[in-house]
Number of protein chains: 2
Amino acid sequence: MDTNKNPMLFLDNQLCFALYASAREVTKLYRPFLDELGLTYTQYVTLLVLWEKDELPVKSLGEKLYLDSGTLTPLLKKLEAAGHVRRDRDPQDERSVIVRLTEQGHALREKVEGLPAKVFCQTDMPPEEIEKLRDQLQDLTRTINKYAACKP
Amino acid sequence: MDTNKNPMLFLDNQLCFALYASAREVTKLYRPFLDELGLTYTQYVTLLVLWEKDELPVKSLGEKLYLDSGTLTPLLKKLEAAGHVRRDRDPQDERSVIVRLTEQGHALREKVEGLPAKVFCQTDMPPEEIEKLRDQLQDLTRTINKYAACKP
DNA sequence: TAAAACTAGATCGTATACAATTTAATTTTA
DNA sequence: TAAAATTAAATTGTATACGATCTAGTTTTA
């Protein structure tokens, strides 16, 4: 009946919590820099996608970011209000909304060029380890996402 | 001027995004099980802490979970309303609020015993890899947190 | 081809996260 | 020891996340 009997439930034994906590802590490292640009972290990663490939439907953004329209619609409206993107219905398929960078949105890219490097510095992690970790996490995310897709 | 010039900004090269996405996907694996118990993921990890060591001030809970009172206070009120915990001011230091499991809160523990194992199954990851990953992430979190602490 | 099924976004409701401020209690210090 | 500084929670405001539902547009199919 002792609480110490099941280490499976110890907080520090949970991968899920290690992920949950580290994701939030790493995000916090971006905040001071993003604050200056008036961006939130989620807005920032959304822009990363668009800088890589512009003119994407909300659907595609959602697939890349693992976010749904409930999160993206209000976020994209804010990016639009800030002048970074435009949102237009796709004339080919009026159900779809195409998100495009404005000039201003394109220009913003230069201001964050150095950001990832600045953050890496604060992690005290060798680049190879960071890459390995990143790749493992990507595998994990894809595996889970595939699992979820085949379920009803 | 080509957008492909700076791979530092590619979404898939970001550790931060790998963390952000995987944390959310893993959390989603817990949802169906936790839904049955009427718990959210954050409530669940809060209970993990209390099952390990009962009678903790909000402050300590926050340190273990990397959450502040702005998140914990409403969450703990919900756990209290659900009958899982009690919240009482510490008579020794009235600033502090001690969180205690109720009988019901203790009993809930048995219902989640098998949960971590069930989730691991869906990750297709060998246990050693999971442990290594978890330990790396814990190091990362602690490093960042220490960094943040010495800043003004 | 008209109804049924499906799809993409938008909307709504709930629950975090977290910075900033406030309040009350405790410690420090001049 | 009384004022100043510190501390722990609570509160407030903003921005996600995400399930569920709704709406409008597109495809399928009987």
Side-chain angles (χ1 to χ4, degrees), chain A residues 17 19-32 34-36 38-46 56-63 65-82 87-99 145 148 151-152, chain B residues 17 19-32 34-36 38-46 56-63 65-82 87-99 145 148 151-152:
Chain A
F17 179 72
L19 282 166
Y20 167 73
S22 59
R24 285 184 294 120
E25 290 300 306
V26 170
T27 300
K28 270 182 220 171
L29 290 180
Y30 283 80
R31 208 176 304 267
L34 294 177
D35 274 352
E36 286 181 39
L39 292 175
T40 64
Y41 179 76
T42 316
Q43 289 168 9
Y44 165 69
V45 291
T46 303
L56 285 174
V58 175
K59 183 84 204 295
S60 305
L61 277 172
E63 280 164 4
L65 297 168
Y66 300 93
L67 291 170
D68 69 7
S69 68
T71 301
L72 283 175
T73 297
L75 182 146
L76 292 168
K77 283 182 180 175
K78 277 166 209 158
L79 283 180
E80 188 177 40
R87 296 155 62 246
D88 305 289
R89 288 279 163 187
D90 182 349
Q92 255 66 57
D93 183 343
E94 289 278 346
R95 289 171 303 180
S96 198
V97 166
I98 309 289
V99 183
N145 204 248
K151 271 199 190 167
Chain B
F17 179 72
L19 282 166
Y20 166 73
S22 59
R24 285 185 294 119
E25 290 300 306
V26 170
T27 300
K28 269 183 220 170
L29 291 179
Y30 283 80
R31 208 175 305 267
L34 294 176
D35 275 352
E36 286 181 40
L39 292 174
T40 64
Y41 179 75
T42 315
Q43 289 168 7
Y44 165 70
V45 292
T46 303
L56 285 173
V58 175
K59 183 85 204 295
S60 305
L61 276 172
E63 280 165 3
L65 297 168
Y66 300 92
L67 292 171
D68 69 7
S69 67
T71 302
L72 283 175
T73 296
L75 182 147
L76 291 168
K77 283 182 181 176
K78 277 165 210 158
L79 283 180
E80 187 178 40
R87 296 156 62 247
D88 306 289
R89 289 278 162 186
D90 182 350
Q92 255 66 58
D93 184 344
E94 288 278 347
R95 289 172 302 181
S96 198
V97 166
I98 309 290
V99 184
N145 204 248
K151 271 199 189 165

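Chain letters run A, B, ... following the sequence lines, proteins first, then strands; residues in each count from 1.
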Item checked: Euclidean distance, atom NZ of residue A:K78 to atom C1' of D:dA17 [Å, nearest integer] -> 12 Å

Next item on the list: Measure across B:Y66 and A:R24 and return the closest heavy-atom pair with its distance rounded to 0.1 Å.
Entry: O-NH1, 2.7 Å

Next item on the list: Using atom OH of A:Y20 as one end and atom C1' of C:dT16 as the other, report the distance to the nearest whole Å.
Entry: 7 Å

Next item on the list: Could you tell me the separation between the CD atom of A:Q92 and the C1' atom of D:dT27, rounded to a whole number of Å?
Entry: 16 Å

Notebook entry, point to check: Could you state the CG-P distance from A:L75 to D:dA15, rounded to the nearest angstrom?
Noted result: 10 Å

Note to self: Considering only residues two or more places apart or on different chains, which pairs with a residue in residues 68-80 of chain A satisfy side-chain hydrogen bond (donor to acceptor under 3.5 Å, both in side chains)?
What the structure shows: A:E80-A:R87

Checklist line | A:R95: partners by side-chain hydrogen bond (donor to acceptor under 3.5 Å, both in side chains), with sequence neighbours left out | finding: A:D93

Check: Can you tell which of D:dG25, D:dG19, C:dA15 lies closest to the side chain of A:E94?
Finding: D:dG25

Item checked: Length of the line joining B:N145:CG and C:dC18:P, which is rounded to integer Å -> 11 Å

Checklist line | Nearest-Å distance for atom pair CG/C1', residues A:D35 and D:dA15 | finding: 12 Å

Check: What closest approach, in Å, do A:D90 and A:Q92 show between heavy atoms, and which atom pair accounts for it?
Finding: OD1-N, 2.8 Å

Note to self: Before you tell me yes or no, could you show the steps for B:V99 and B:T46 under side-chain contact (heavy atoms from CB on, under 4.5 Å), namely the whole-Å CA-CA distance, both residues' side-chain angles and the distance that decides it to 0.1 Å?
What the structure shows: CA-CA 10 Å; B:V99 184; B:T46 303; over 6 Å; no

Checklist line | Per-nucleotide protein contact string for nucleotides 8-13 of chain C (B base, S sugar-phosphate only, - none; heavy atom under 4.0 Å) | finding: SBBB--

Checklist line | Distance, rounded to the nearest Å, where A:L67 contributes CG and D:dC18 contributes P | finding: 6 Å

Notebook entry, point to check: At under 4.0 Å, does any side-chain N or O of B:T42 touch on OP1 or OP2 of C:dA17?
Noted result: yes

Item checked: 5' priority, DNA chain C, between B:P91 and B:Y41 [closest heavy atom] -> B:Y41

Checklist line | side-chain contact (heavy atoms from CB on, under 4.5 Å) partner of B:I98, the single match among B:P57, B:S60, B:P91 | finding: B:P57

Notebook entry, point to check: Measuring from B:L65:CG to B:L72:CG, what's the distance to the nearest 0.5 Å?
Noted result: 6.0 Å

Notebook entry, point to check: On DNA chain C, nearest-nucleotide positions of B:Y66 versus B:D90: which is more 5'?
Noted result: B:Y66

Check: Which parts of residues 22-30 of chain A get close to DNA chain D, meaning a heavy atom less than 4.0 angstrom away?
Finding: none

Next item on the list: List for me each residue that meets ring pair (Phe, Tyr, Trp, His ring centres under 6.0 Å) alongside B:Y30, sequence neighbours excluded, and say none if there are none.
Entry: B:Y41, B:Y44

Next item on the list: Would you mind reading off the distance between B:E63 atom CD and D:dA9 atom C1', rounded to a whole angstrom?
Entry: 14 Å

Item checked: Set of residues satisfying side-chain hydrogen bond (donor to acceptor under 3.5 Å, both in side chains) with respect to B:E63, sequence neighbours excluded -> B:K59

